[in-house]
Amino acid sequence: MLVDSHCHLNFPELASNIDAVRAAMFENQVGHALLISVTLEKFPEVLTLAEQYPNFFATVGVHPDYEDEPPFAVETLVELAKHPKVVGIGETGLDYFRLTGDLTWQRERFRTHIRAAIKADLPLIIHTRSAAEDTLQIMQEEDAHAVGGVMHCFTESIEVAMRAIEMGFYISFSGIVTFKNAAALKEVAQQVPLDRILVETDSPYLAPIPFRGKTNQPAYVKLVAEEVTSLRNISLDELTQASTCNFFKLFKKAERI
């Protein structure tokens with residue numbers, strides 16, 4: 001069974017139809033999903049879903065695009081992460097595409113997440129867009145290798161991927177890898193070591209071909225996996241076994257059912 005390593009099931013377009021979402025998961029051999037926090041205000045929604053369903057897990061963190069989120073301390077994240085269903089810290093990172101100007105606050109927030117992850121001994125879920133060099137530099141400066149994590153929805157070069165892997169990180173591919181204009185990313189998917197690959201949907205966003213532009217859902221992670229298997233000329237079973245093993249190796253607190 002596949003794992004959707006990154007989705008937002010508390011968002012209204014999915015939360016309002018959760019029974020159908022779950023049914024589609026099982027029809028497509030998707031056994032588990034990691035529900036990602038993007039604000040502390042909405043974190044209880046994420047946690048409630050993870051508590052309700054044994055094959056759902058949660059993270060706690062604040063997405064770098066949420067500039068107006070109130071300040072918080074390392075201790076806040078650490079305390080929330082003590083819940084048994086919280087298996088990672090994030091989504092965190094840097095985004096120089098959506099936001100411009102003085103982004104010192106964004107870099108400091110990223111450091112806060114890394115420090116919390118180390119203190120909680122949980123892996124990081126990292127978002128980086130148009131900010132790869134600064135992202136990697138802060139990861140190195142803050143010793144992110146101590147806990148590792150995942151570079152989610154990866155769209156960078158193989159060089160960036162390998163530098164992250166050297167710090168103990170995994171590379172997660174989303175529906176973008178199925179897009180016709182993603183030739184460079186397809187090459188990365190061919191080169192990343194199999195024991196460092198995860199797959200995700202980032203639903204409700206980034207639906208893979210042939211559903212591009214529509215609401216994404218965890219069931220579609222199978223389409224992502226099929227694209228990666230085609231690119232690597234391996235079987236879906238091999239990719240499923242590897243990526244699922246990788247997920248539970250990284251997120252040690254997650255219990256397989």
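When a residue number appears, it is its place in the shown sequence, counting from 1.
For an aromatic pair to be called close, the ring centres must be under 6.0 Å apart, and Phe72 with His113 satisfies this. Taking the six-membered ring for Trp and the full ring otherwise, the centers of Phe211 and Tyr220 sit less than 6.0 Å from each other. In summary, the aromatic rings of His145 and Phe169 are positioned with their centroids too far apart to meet the 6.0 Å limit.
Taking the salt bridge (charged side-chain N to carboxylate O under 4.0 Å, His left out) definition, one finds that Lys119 meets it with Glu75, sequence neighbours left out. Every side chain to side chain contact (heavy atoms under 4.5 Å, CB included) that Ala117 has, sequence neighbours left out, goes to Ile89, Leu124, Val147. For Asp102, the side chain to side chain contact (heavy atoms under 4.5 Å, CB included) test picks out Thr104, Arg107, with sequence neighbours left out. Remark: Phe110 engages no residue in a ring pair (Phe, Tyr, Trp, His ring centres under 6.0 Å) (not counting sequence neighbours). Every side chain to side chain contact (heavy atoms under 4.5 Å, CB included) that Glu41 has, sequence neighbours left out, goes to Thr39. In terms of the ring pair (Phe, Tyr, Trp, His ring centres under 6.0 Å) criterion, residue partners of Tyr53 (sequence neighbours excluded) are, by chain and number, Phe56.
Asp121 CG: 12 or fewer foreign heavy atoms inside a 6.0 Å radius. In this structure, Lys253 places its NZ atom where more than 12 heavy-atom neighbours from other residues, nucleotides or ligands lie under 6.0 Å away. Summarising the local packing, CD of Gln191 is surrounded by more than 12 heavy atoms from other residues, nucleotides or ligands at distances under 6.0 Å. In the displayed structure, Asn181 atom CG is contacted under 6.0 Å by more than 12 heavy atoms of other residues, nucleotides or ligands. Phe26 CZ: more than 12 foreign heavy atoms inside a 6.0 Å radius. Under a cut-off of 6.0 angstrom, the local environment of CD in Glu13 is crowded, with over 12 non-hydrogen atoms contributed by other residues, nucleotides or ligands.
Counting heavy atoms from C-beta on, the side chains of Val199 and Ser172 never come closer than 4.5 Å. Looking at Asn10 and Leu35, their side chains never come closer than 4.5 Å, going by heavy atoms from C-beta outward. Residues Leu99 and Gln106 meet the side-chain proximity criterion, which asks for heavy atoms closer than 4.5 Å. Counting heavy atoms from C-beta outward, Tyr66 and Val38 have side chains that approach closer than 4.5 Å. Side chains of Leu94 and Pro64 form no contact here, defined as non-hydrogen atoms less than 4.5 Å apart. The closest side-chain heavy-atom distance from Ser174 to Asn216 is not below 4.5 Å. You'll find the side chain of Phe154 reaches within 4.5 Å of the side chain of Met151, heavy atoms only. Glu226 has its side chain within reach of Leu236: a pair of non-hydrogen atoms, C-beta onward, lies under 4.5 Å apart.
Here the CD1 atom belonging to Ile158 is positioned 10.0 Å from the CD atom belonging to Glu187, to the nearest 0.5 angstrom. Note that CD of Glu27 is 10.5 Å distant from NZ of Lys222, once rounded to the nearest 0.5 Å. Here the OG1 atom belonging to Thr155 is positioned 10.5 Å from the CZ atom belonging to Phe173, to the nearest 0.5 angstrom. The distance from the CD1 atom of Ile171 to the CD1 atom of Ile165 is 4.5 Å, given to the nearest 0.5 Å. The distance from atom CG of Leu2 to atom CG of Asn28, rounded to the nearest 0.5 Å, is 9.0 Å. Taken to the nearest 0.5 Å, the OG atom of Ser157 stands 11.0 Å off from the CE atom of Met162.
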Problem set entry | side chain to side chain contact (heavy atoms under 4.5 Å, CB included) between Val177 and Val224, worked out | CA-CA 7 Å; Val177 77; Val224 178; 4.1 Å; yes

For this session: Might you work through the salt bridge (charged side-chain N to carboxylate O under 4.0 Å, His left out) test for Glu69 and Arg109, ending with a clear yes or no?
Result: CA-CA 10 Å; Glu69 186 77 358; Arg109 183 190 287 174; over 6 Å; no

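Note on Glu51 versus Lys85: no salt bridge recorded, every NZ/NE/NH1/NH2 to OD/OE distance being 4.0 Å or above. Between Arg163 and Glu133 there is a salt bridge, since at least one side-chain N of the basic residue sits less than 4.0 Å from a carboxylate O of the acidic one. Salt bridge status for Glu238 with Arg232: absent, with no side-chain N to carboxylate O gap under 4.0 Å. A salt bridge does not link Asp95 to Arg129: none of the charged nitrogens lies less than 4.0 Å from a carboxylate oxygen.
Note: Phe247 and Phe251 have tilted aromatic rings, judged against thresholds of 30 and 60 degrees for the angle between ring planes.
At a threshold of 4.5 Å between side-chain heavy atoms, the hydrophobic network of Ile, Leu, Val, Met, Phe, Trp and Tyr places Val86 and Leu80 in one connected group. By the rule that hydrophobic residues join a cluster once side-chain heavy atoms approach within less than 4.5 Å of another member, Val160 and Ile138 end up as members of one cluster. Both Ile114 and Leu77 are part of a single hydrophobic cluster, where members link through side-chain heavy atoms under 4.5 Å apart. In terms of hydrophobic clustering, with Ile, Leu, Val, Met, Phe, Trp and Tyr side chains grouped at heavy-atom distances under 4.5 Å, Ile118 and Val150 are assigned to different clusters.
Looking only at distances, no side-chain donor or acceptor of Thr229 sits under 3.5 Å from a matching main-chain atom of Leu239. The backbone N or O of Glu200 lies less than 3.5 Å from no partner atom in the side chain of Asp4, so there is not a single donor-acceptor pair. Of the possible polar contacts, one joining the Asn55 side chain to the Gly31 backbone as a donor-acceptor pair under 3.5 Å is found. Of the possible donor and acceptor atoms, none in the side chain of Ser5 sits under 3.5 Å from a partner among the backbone N and O of Leu198.
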